[in-house]
Amino acid sequence: MSQRQPPARTRPLREDWTLTVPPSAPSALAGREVPASVPGTVHTDLLAAGLIDEPFFDDNERLLAWIGRHDWEYRTTFDWSAEGHERHDLVFDGLDTVARISLNGHEVARTANQHRSYRVPVGDRLVEGDNHLVVAFSSPVREADRRSLQLGARPHINPHPYNAIRKAAYTYGWDWGPDMPSAGIWRPVWLHSWSTARLATVRPVAAVSGTDGVLRLHVQVERSDGVPPVRVRARVGDVTTEVDLAAGEHDAELCLSVPDVDLWWPRGHGSQRRYPVEVTLHADGRSDVLDRWERQVGFRTVRLDQEDDEYGTSFAVVVNDRPIWVRGANWIPDEVFLPRVDGVRYQQRLDQAVAANLNLLRVWGGGVYEDDDFYEYCDARGLMVWQDFMLACAAYSEDDPLRSEIVAEAREAVTRLAGRPCVVLWNGSNEAVVGYHHWGWKERLDGRTWGAAYYTDLLPAVVAELAPGTPYLPSSPWSGSIDSDPHDHARGPSHLWQPWNRLPYDAYRDDVPRFVAEFGWQGPPTLPTLWRALSDDPLTPESPGMNVHQKAWKGQDKLTDGLVPHFRVPQDFEDWHWAMSLNQANAVRFALEHFRSWSPRCAGAIVWQLNDCWPVTSWAAIDGDGRPKPVYYAISQALADRLLTVQPRGDGLAVVAVNDTSEPWQGAIVVARLTYDGVGLERAEISVDVPARGSATLPIPVDVARAGDAGGELLRVALGEVHAEHFFADYRDSILPPPQLLSSVQEREPGVYTVTITARTLLRDLAILAETVHPDARADRMLVTLLPGESVTFSIA
Ligand code: BMA
C-alpha cells in the first residue's frame, strides 16, 4: 500500500494574466502590456484597458479589423510547490484557437481547436516558486488563410475560410454577426495536482427498460505508473455498485437499475425528474475519495419517426413513445465575445425561451458546443436540445489535420453531453448537403472531399458508440439520403428561406412541410438597443450605422420588399421601426399558425433565431441587449398550448383548434363576423371536441366566412378564454379607424406598473413600447387586438 497521498487539488489560474500587444499593431498600442482576463478575449481585454473603443459601436468593427490579423500573447506567473502529488496537469477548458503553450521557457503543447479542451502533463517542467506560463495565439485570420492553402480552398460563405480552422465559424462574420474573430483563453485554465489515479471521463448512458431506469456508467481512469488496484463506486439515488480495476486497467463499466423510474419529459408533457448520480474513485482498500464526479441524469427514450406515408416521409421527435410537437427556436452564441456569457445570462435567455412557450432549442452548427450550464438549465427546464456538430454552410476537407480534430472534438462533445436528457438529437451539419446540391460546390470542388464522410460515416458512428439511444441526423435540411434534394419539403426537416429571401410571407402557405428546422423574418433590434449602438444623426433606415448593423445580403431591401405587400412604407424612422418590427412578428406568427394548423402532418417548427450576439437587424426574437422584440410576443402567442387560428381550406375558411395539452378541449366555438365598429353581422356556433395533443379543423359557414366589406370587417373566433381575430384585408387595405382609447396607470409595487387600456375604437396589435421610456422596462404582453369597449391590462416592470 502506497503511503497516504494528499487529496487532489484543482487550482484555477485566473489571476495575474497580462496580454501583450504585438509590435506590428497600430503604433499607439504596439508593445503595450495590459492586464488580461482569463477567461477572456483580446478584444475585451483591450477594451477594459481603454486601448480600443466599444467594438459594437457604429462601424468600429471595421476600425478594429486589425486585431484579427495579429498574433497575441498571454502570460502569467504563478507560485507552486510540489506538496507531495505525483502528477501535475495544466488543464485548458478552452483556447481560441491556434496556440503554443510554454511553461518556464519550454513548449509544452500546441493546440488548434476551439471546440476541444486540453490536458497537458507538466510535472517535469514545474519549479518550486515562480512559474512562467505563456499562451501565444496565432492571428485567427492569417491562420485560417494558411490552413485553407494547406488543405485546399473549399467553398464557404462569408469573408474568411472558417472551414479550414476549428474555430467558431460565426466569429469570422455571419449574416447576423460582425467579422470580429478574436483570440484568447475563452474558458477556465487550472492546474490539477493528483496522485494514484483520477477519473478521466465518466460517460453516463441512461435507458429505460420496462418500468426501470437503467444507467450505464462508462468510466475511464487515468493512473500513475505501477499503481495497485483502484475501486470505482457509483450511486444513483439509493442504488450503489462498485468495481475494482486491477493494475494496468483503465476502463470500467458500471450498471445500476432504478426501479419504477420517474421519466424526464419535455416541458408541457410532464415533470423533469432527474436523479443525482455520484461516481467516486478510491485507492485499494481505502475509503477516502481520490476523485469524484457528480451529475443529475434523467431517464427518457427518444427516437425520430421517419415513416413513408401518403404525404412523403414523416419527421417527428418521439419522447417516451409520445410524439412531441416541436416548438423550437434556433440558438446562436449569445455573444461575439463568449466569456461574457455566464450562468446568469444563460438562465435569463432560457427563461425567455420558456416564457415564449418554446420546448426545444437547436444549437446551430456555426457556433460552439455551449457550456455545461446551458445543458444543465435546459435539462432542468424541460427544454429539448437539438445539437448540431460544429460544421456549417461550407465544404470541409476530409484530410488531416482537420479530420483528426473533428474526430477528437466530436468524441469529447458527445461524451460531455451524454446522459443529458435534454439532448434529443445530434445533427451532423448545418446546410452542408444543401450547399452541395444547390450552391455550386460540385464544380468548384472538382471531385475533392466536402465532408460527406463526416456526416454519413464518422459522426453517426461516434454518436452510436458514445450516446447510444440518441438519434442522429446527417444534416439539416435533409430529405432521407445524401443524394436526395434536401429542399424536398415532403421529406424530413426543411429550411424555408424563399419567404424572406424572395417571396412575401404569404408564401409560407404554399406547401405543408413535414418539419421546419429553420424559417424566419428580419426585424430591427429594439429602439434603446439601436440608440446605444449607433450615433447616426439622423438615424434612418439607411444611415451609416444601420447599414453596418445589417449583415444580410440586400437585407434592407428585403425588409422593404417584405413590408410593402402588407404596409405602406413609413417615412418617419420610429414608424418605420415599428412597421418592420410588426411585419416580422406577423410573418413569424403567420408561419407558425400555418405549421401548427397542419399538425401532425407537420410535426414541428424551429424559428430562426432566438437570440443575437450583438446589436443588429436580424431574424432574432430577442435582440443583442437581451430585449424581446415584438416577434417574441407573437411567437409566445402562436405557440400557446391551445391555439385557435383561421386558415384557408378549400374555397373557404376554417377555424383550426390546436390542443397541445393532455386534456381534451371541448365546447362551442363562437365565430362572429363584425364590423370594425364591433357591430355583429353574422354568427355561428360550432361544437368541437379536440382530443388531447390533437387538432380539429372546422369549416366556417359561408355566410359567416365571406366578408361584405373586406376592408372594414373581421372575424372573431372564441372558445372559452381563447380567441383569435381574422382580418379579411391586409393592413394596408384595411380602413382602420384612428385609434381612440382610455388608459389608466397604477403603481402596484415600487417599479411595477399596471396599465389598463380600454378601446373606444378597434385597436389592432396594441403594444406598449415600455423600453423606450426606460431601457430596462418590459411589458408582459404585446400585440393585443381589442374591439371597441374591450380592455386589457399590461404589467410593466
Ligand atoms: C440559415 C442559417 C444561417 C443563417 C440563416 C439566415 O440557413 O443556417 O446560416 O444565418 O439562415 O440567413
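Heavy-atom basis, side chains included; hydrogens, waters and symmetry copies ignored. Both ligands and their constituent atoms are indexed starting at 1 by order of listing.
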In chain order, what residues pass the side chain to side chain contact (heavy atoms under 4.5 Å, CB included) check against D175, with sequence neighbours excluded?
A552, W619
Would you list the pairs meeting salt bridge (Lys or Arg N to Asp or Glu O under 4.0 Å) in which at least one residue belongs to residues 508-518, sequence neighbours left out?
D309-R514, R362-E518
Sorted by chain and number, the residues that approach ligand 1 to under 4.0 Å with a heavy atom:
W174, D175, W176, W364, C393, N430, E431, W497, E518, W608, W619
Applying side chain to side chain donor-acceptor pair (under 3.5 Å), run through Y731 and N583 and close with a yes or a no.
CA-CA 10 Å; Y731 298 76; N583 203 47; over 6 Å; no
Give me each pair satisfying salt bridge (Lys or Arg N to Asp or Glu O under 4.0 Å) with a member in residues 602-630, each pair once, sequence neighbours excluded.
R532-D625, D625-R627
Less than 6.0 Å separating the ring centroids of Y508 and F519?
yes
Please tell me whether R349 and Q352 have a donor and an acceptor in their side chains that are separated by less than 3.5 angstrom.
yes
